[in-house]
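Chain letters run A, B, ... following the sequence lines, proteins first and then strands; every chain starts at 1.
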Amino acid sequence: MIEIREIGRQFNTRDGGTFEALKDVSFSVKDKEFFSIIGPSGCGKTTLLKMVAGLVRPTSGQIVIDGSPVSGPGNDRAMVFQHFVLLPWADILTNVGFGLEMRGLSRRESREAARPFLDRVGLTGFAEHYPHELSGGMQQRVGLARALAVSPDILLMDEPFGALDAQTRQLMQEDLMRIWDVEQKTVIFVTHSMDEAAYLSDRVLVMDTHPGKVREVLDVPLPRPRDEAVRTTPVFNELTSHMWHELRGMIGDPTAPAPE
Amino acid sequence: MVTDQAAGATDVELTLAARGGSSSRWTPWLFRIGSVGLVLLIWELYGRAQDTTLFFVPFTSVVTALWELVQTTEFWDAFRQTFIPFIWGWLLSLVVGIFLGLLIGRFPAFDALTKPYVTFLNALPISTLVPIAVILFGIGYPSRILIVFLFGVIEVTLNTAAGVRYVNRDLVEMGESFNGTQWRLFRKVILPASVPGIMAGVRIGTGRAVVGMVVVEILLVAVGMGRLILRYRGRFQSAELYAVVLALILFGILLQVLARRIELRASRWKSEMEQVA
Ligand SMILES: Nc1ncnc2c1ncn2[C@@H]1O[C@H](COP(=O)(O)OP(=O)(O)OP(=O)(O)O)[C@@H](O)[C@H]1O
Ligand SMILES: [Mg+2]
């Protein structure tokens with residue numbers, strides 16, 4: 001279980017003041033749960049996820065995983081970054097194996113072990129390509145494969161499908177569902193898409209902004225396994241329109257039409 | 001008939017396109033060769049217009065003198081006496097500079113510790129240290145190596161340190177997220193990401209080391225190319241004097257080209273990335 005306990009985070013601003021990015025954020029994520037976070041841009045989703053990853057320290061509060069407080073990165077967690085962050089000098093296969101290399105495998109072993117994960121994200125033919133030769137969506141899948149390759153118990157995904165076109169996005173969602181069904185990981189999934197959050201998650205955290213805080217945590221009472229048909233059910237629609245109502249007020253334009 | 005015309009037109013277009021493509025690729029070279037050629041031509045004409053060859057000689061005479069010079073063993077002995085300490089000083093400046101630069105870039109404490117010396121060396125015209133080097137080590141190899149080393153090492157150090165310091169934060173964070181050792185993070189992320197900075201240091205440092213070598217030859221004239229310079233100057237053998245200087249310049253240019261090549265090759269990922277961006 002991941003417990004986020006009264007987390008706060010301030011950043012120093014240029015003019016010497018402080019900026020409160022997150023305030024009093026508390027929630028917990030159960031084992032093997034698919035937990036999504038949705039909220040307006042700049043509400044601190046990435047910051048929150050990086051705290052769970054052990055990359056950013058909270059200024060107040062703490063994060064506890066299975067009883068022990070997070071003090072840094074760990075082998076139990078892997079993160080998929082919003083902006084991919086691939087090694088530009090290394091080819092795709094080396095990039096996918098990078099996490100394994102960091103954990104002590106040789107270059108050859110990790111490249112070997114990375115292959116099935118490259119297949120899994122549909123980039124089999126691109127093993128020897130370089131990141132700059134790939135589209136944004138493909139790079140994003142490399143980032144996903146890299147995280148999956150270290151077999152983490154907890155997968156932290158920061159808008160992993162944000163750069164994908166609609167069709168690829170849907171395919172990747174289904175793939176992720178399948179992977180998650182088989183491997184039973186805990187997933188914290190940041191997204192801007194209400195549809196995606198409802199389709200994938202057990203629960204969805206809706207965040208408020210200025211400062212970032214918990215607005216509400218929604219249960220997704222949809223049976224599993226889910227398929228495309230689920231997107232047309234009344235429960236699904238009710239859920240997404242509820243999220244839309246919650247979020248619309250924060251973005252500041254109450255007359256804006258619902259997206260998607 | 002119609003098809004013939006069409007084919008003909010296409011051929012012309014293709015040739016034009018091909019010519020356009022290759023001419024744009026060679027244009028910088030044309031300009032370079034043209035500008036160097038122009039200067040050499042002026043040199044030649046001005047040299048020929050002189051009444052005496054005591055002070056200024058035409059380019060062709062210098063080339064002839066150089067050609068004769070490189071056939072003497074004396075020239076190659078002198079070259080070796082200049083070249084060997086240069087190579088040592090240069091390599092030492094690269095090795096020490098990269099090592100220090102990595103430490104300075106990675107550890108702020110080490111940066112603070114070495115800052116006074118680095119600033120001092122960076123602000124000081126190294127030539128002023130030549131007399132001190134001579135007093136301490138004589139005019140043999142040790143002084144020469146030391147001076148070439150001092151000329152080169154600062155640029156290598158500073159550029160390497162900058163390369164390490166400005167490694168993309170996101171890359172480092174990503175590396176940290178996979179929970180490896182600091183050493184692995186250094187080897188697999190920070191070091192490769194610093195290569196462009198290191199290589200810029202190698203190129204600039206090489207140029208500085210060549211300057212150091214020339215300074216040594218002019219200030220420490222007892223052996224090597226410097227002795228040739230002194231002798232030809234004393235005898236007013238201007239063509240030979242120019243030839244020796246030309247040889248030094250050519251050697252310097254050769255090293256620069258080499259260093260630039262290595263830099264481009266090692267930093268290729270960076271330029272490719274920037275092309276995309
Ligand atoms: N290192 C930092 N220094 C200063 N301010 C920061 C830093 N990191 C984040 N912030 C600020 O904290 C706030 C939250 O940033 P964060 O990246 O977590 O938002 P987000 O919810 O992920 O946004 P998006 O949906 O656009 O990715 C923003 O206002 C941002 O400017
Ligand atoms: Mg973000």
Side-chain angles (χ1 to χ4, degrees), chain A residues 46-47 49-57 70-91 94-107 110 129-136 139 142-143 146-147 149-152 154-158, chain B residues 98 101-102 105-108 159-160 162-203 259-277:
Chain A
T46 297
T47 308
L49 210 58
K50 283 183 178 172
M51 283 181 185
V52 180
L55 296 170
V56 172
R57 283 182 197 290
V70 169
S71 60
N75 285 355
D76 56 338
R77 283 156 283 154
M79 180 146 173
V80 181
F81 291 85
Q82 186 172 6
H83 304 292
F84 334 137
V85 202
L86 307 180
L87 306 174
W89 56 81
D91 69 10
T94 301
N95 264 290
V96 175
F98 172 78
L100 295 166
E101 247 184 90
M102 282 302 286
R103 292 187 183 175
L105 264 63
S106 73
R107 173 67 56 92
S110 51
H129 283 59
Y130 283 80
H132 69 88
E133 300 169 327
L134 269 56
S135 72
Q139 294 188 38
V142 175
R146 177 178 62 193
V150 293
S151 314
I154 301 170
L155 196 52
L156 306 167
M157 307 177 81
D158 197 356
Chain B
I98 290 173
L102 292 176
R106 189 73 187 125
F107 302 109
N159 280 284
T160 302
V164 175
R165 205 171 291 136
Y166 298 117
V167 167
N168 187 332
R169 279 290 317 151
D170 289 347
L171 275 182
V172 177
E173 192 173 61
M174 185 280 291
E176 283 170 346
S177 81
F178 285 102
N179 197 30
T181 58
Q182 278 296 313
W183 172 239
R184 270 186 226 132
L185 184 69
F186 179 77
R187 242 181 49 231
K188 294 176 190 301
V189 179
I190 294 167
L191 190 61
S194 313
V195 162
I198 296 172
M199 284 303 144
V202 167
R203 174 173 49 82
R260 181 89 193 123
R261 273 263 146 106
I262 296 170
E263 182 187 11
L264 282 178
R265 179 153 287 241
S267 314
R268 193 155 46 191
W269 59 267
K270 184 134 205 214
S271 50
E272 273 167 4
M273 228 170 52
E274 277 155 7
Q275 268 169 25
V276 172

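Contact tally against chain B (heavy-atom pairs below 4.5 Å) for A/Ala53, A/Ala78, A/Gly74: the top residue is A/Gly74. Ranked by heavy-atom pairs under 4.5 Å with chain B, the list A/Gly143, A/Gly54, A/Pro131, A/Gly104 is led by A/Gly104. Of the residues considered (B/Val195, B/Val189, B/Thr181), B/Val189 shows the highest number of contacts with chain A, using heavy-atom pairs under 4.5 Å. Between chain B and the options A/Lys50, A/Arg146, A/Met79, A/His83, the largest number of non-hydrogen pairs under 4.5 Å is found for A/Arg146. In terms of heavy-atom pairs under 4.5 Å with chain B, the best-connected choice from A/Ala90, A/Pro152, A/Gly99, A/Gly72 is A/Gly99.
When heavy atoms are compared at a cutoff of 4.5 Å, A/Leu86 approaches chain B solely by way of its backbone atoms N, CA, C and O. If you measure heavy-atom distances from A/Val85 to chain B, the contacts under 4.5 Å come from both the backbone and the side chain.
Separation of atoms CD1 (B/Ile98) and CD1 (B/Ile198) is listed at 6.0 Å; rounding is to 0.5 Å. Rounding to the nearest 0.5 angstrom, the gap separating the CG atom in A/Asn75 from the OG atom in A/Ser151 is 11.0 Å. Once rounded to the nearest 0.5 Å, the distance linking CE of B/Met174 with CG of B/Leu185 reads 9.0 Å.
The closest side-chain heavy-atom distance from A/Leu87 to A/Phe98 is below 4.5 Å.
Within the structure, salt bridge (charged side-chain N to carboxylate O under 4.0 Å, His left out) contacts touching residues 178-196 of chain B (residues at least two apart or in different chains) are A/Glu101-B/Lys188. Sorted by first and then second residue, the salt bridge (charged side-chain N to carboxylate O under 4.0 Å, His left out) pairs involving residues 72-83 of chain A (not counting sequence neighbours) form an empty list.
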